[in-house]
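In what follows, every heavy atom counts, from backbone to side chain, and hydrogens, waters and symmetry copies are set aside. Here is how names work: the chains are called A, B, and so on, in the same order as the sequence lines, proteins then strands, and each is numbered from 1.
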Amino acid sequence: MAKYCDIFWSFFRVGTFTIGGGYAMIPLMQREFVDKHHWMSEEEFLDQVALSQAMPGVFAVNMASMTGFRLRGGRGAAVAVAGNILMPVLFILLLAVFFRAFRDNVIVERIFLGLRPAVVALIAAPVFTMAKSAKVSWRNVWIPLLCALLIWLMGVSPVLIVLAAALLGYLCSKIEN
Amino acid sequence: MIFFQLFYTFLLIGAFTFGGGYSMVALIQNEVVVRHQWMTAAEFTDLLAVSQMTPGPVGINTATYAGYTAVLNAGYPQWAAVCGSLIASLAVIVIPVTLVLLLSRWLLKHKDHPRVATVLRFLRLAVIGLIAAAALGLMTTESFGVPGLNLRFGVSLLIFVAVFLLSLRRKASPIVLILASGLVGLLVYSL
């Protein structure tokens with residue numbers, strides 16, 4: 001059974017090293033939960049991404065509470081969420097006090113010029129590493145492609161995409177059974 | 001009283017924003033700048049810039065900063081502003097976390113049911129598309145610089161390819177890759 005301190009530190013790391021919003025957390029979470037701690041399979045990880053996206057609220061916090069709950073129930077969820085938001089909240093509080101010094105800092109800006117392309121690459125890689133777990137094949141590759149294009153080019157909300165996929169799955173399960 | 005208003009406002013923001021941080025930002029702007037006038041539009045723009053540059057989910061960052069600034073602008077001392085930021089950050093996650101816990105409990109019980117399994121199979125395919133769209137959406141001049149033969153674009157492309165290949169093989173930790181890319185940026189652009 002996962003220890004509370006493992007859950008806390010894992011989410012503390014994820015929360016601390018996420019730059020530019022929730023999806024940038026995916027590669028780090030994948031490494032922590034699937035590869036390192038073996039808390040879940042890659043399939044289960046993908047399920048959590050879909051469901052966290054379909055729920056209201058902050059994606060990363062939803063992922064944290066779902067993972068914490070899976071490992072140690074309600075208390076596990078509380079520990080995971082606390083670990084996940086501790087560093088961001090402290091950081092923003094410090095910034096609110098010393099705001100200008102940080103924003104106009106040329107060193108910070110240079111670091112971020114290097115970080116931004118890395119964050120894009122970190123989000124792009126799981127598309128390929130997780131395609132196997134999602135059982136992407138030539139027969140069904142049109143589904144992820146269509147989803148990506150609808151969101152990227154047409155501006156369709158990812159929430160609608162998740163709901164549509166769930167509906168499609170439900171209809172298929174009716175035909176199968 | 002401003003603390004109750006903060007709690008209630010961010011409780012609703014948390015409950016009614018679907019699709020992650022950026023859709024939340026629009027709602028927060030409407031509530032905080034237009035309706036309650038807890039901060040000016042300029043302060044809100046600053047806040048967005050900071051949220052991009054600090055670790056953590058954008059939704060949490062925005063709630064924390066908005067809570068702090070609102071209480072400070074209402075004329076309270078700094079320690080009260082810190083309380084305000086904590087209240088806003090907690091309020092924004094209460095309802096979503098409750099819903100997620102209920103859903104998780106249901107799912108852990110029923111995940112092996114054949115119907116649920118089929119739905120999950122489709123969801124996984126869609127999620128691959130969702131993540132791809134997030135990466136594509138970030139391939140902008142803001143992330144990479146203007147395409148062409150210039151230092152910024154060249155360095156960005158090299159960093160992208162290196163980080164992409166290393167994380168495809170799952171050898172390097174994302175934390176190490178992030179720290180290294182930041183260091184490369186600092187060194188290259190300081191020369």
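- When L165(B), V127(B), L125(B) are compared by the number of non-hydrogen pairs under 4.5 Å with chain A, L125(B) comes out ahead.
- With a 4.5 Å cut-off on non-hydrogen atoms, L130(B) touches chain A through its backbone and its side chain both.
- Within a 6.0 Å radius of CG in L187(B), more than 12 heavy atoms belonging to other residues, nucleotides or ligands are found.
- In terms of non-hydrogen atom pairs under 4.5 Å with chain A, the most contact-rich of S156(B), A117(B), A162(B) is S156(B).
- Note: V120(A) leads V120(A), N84(A), L28(A) in heavy-atom pairs under 4.5 Å with chain B.
- Contacts of L183(B) with chain A are absent, with no heavy-atom separation under 4.5 Å from either backbone or side chain.
- For S10(A) and E32(A), the side-chain atoms include at least one donor-acceptor pair closer than 3.5 Å.
- Distance CG/L123(B) to CG/L51(A): 6.0 Å, rounded to 0.5 Å.
- Ring centroid separation for the pair Y76(B) and Y68(B) does not come in under the 6.0 Å cut-off.
- The choice from V82(B), V184(B), V97(B), V92(B) that makes the most heavy-atom pairs within less than 4.5 Å of chain A is V97(B).
- Both the backbone and the side chain of S167(B) come within contact range of chain A, each with at least one heavy atom under 4.5 Å from a heavy atom of that chain.
- If you take CZ on R31(A) and NE2 on H37(A), they are separated by 10.5 Å, rounding to the nearest 0.5 Å.
- With respect to chain B, the highest number of heavy-atom pairs below 4.5 Å among L46(A), V127(A), I92(A) belongs to I92(A).
- When each of L145(A), V14(A), N140(A), V81(A) is scored by its heavy-atom pairs under 4.5 Å with chain B, the top score falls to N140(A).
- Among the candidates T64(B), I175(B), V188(B), the residue making the largest number of heavy-atom pairs closer than 4.5 Å to chain A is I175(B).
- When heavy atoms are compared at a cutoff of 4.5 Å, Q48(A) does not approach chain B at all.
- Using a 4.5 Å cut-off between heavy atoms, L99(B) touches chain A through backbone and side chain atoms alike.
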Check step by step if side chain to side chain donor-acceptor pair (under 3.5 Å) holds for S104(B) and R70(A).
CA-CA 7 Å; S104(B) 301; R70(A) 167 193 291 274; over 6 Å; no

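- The candidate with the highest count of non-hydrogen atom pairs below 4.5 Å against chain A, out of I60(B), L107(B), I13(B), is I60(B).
- Looking only at heavy-atom pairs under 4.5 Å with chain A, the residue among G185(B), G145(B), G129(B) that has the most is G129(B).
- Other residues, nucleotides and ligands contribute more than 12 heavy atoms inside 6.0 Å of the NZ atom of K111(B).
- For chain B, the option among D35(A), T16(A), L153(A) with the highest count of heavy-atom pairs below 4.5 Å is D35(A).
- Neither the backbone nor the side chain of T69(B) has a heavy atom closer than 4.5 Å to any heavy atom of chain A.
- Residue contact with chain A, scored on non-hydrogen atoms closer than 4.5 Å, involves the backbone and the side chain of S143(B) alike.
- Ring centroids of F128(A) and F164(B) are separated by less than 6.0 Å, placing the two rings close together.
- Only the side chain of A77(A) comes within contact range of chain B, with at least one heavy atom under 4.5 Å from a heavy atom of that chain.
- In this structure, the separation between CD1 on I28(B) and CE on M39(B) is 9.0 Å, given to the nearest 0.5 Å.
- Using cut-offs of 30° and 60° for the angle between ring planes, the F12(A) and F8(A) rings count as parallel.
- With P117(A) as the partner, the side-chain contact (heavy atoms from CB on, under 4.5 Å) test is satisfied by one option alone out of V155(B), I159(B), L157(B): I159(B).
- Rounded to the nearest 0.5 angstrom, L101(B) CG and F69(A) CZ are separated by 6.0 Å.
- Contact of R105(B) with chain A is made through backbone and side chain together, with heavy-atom distances under 4.5 Å.
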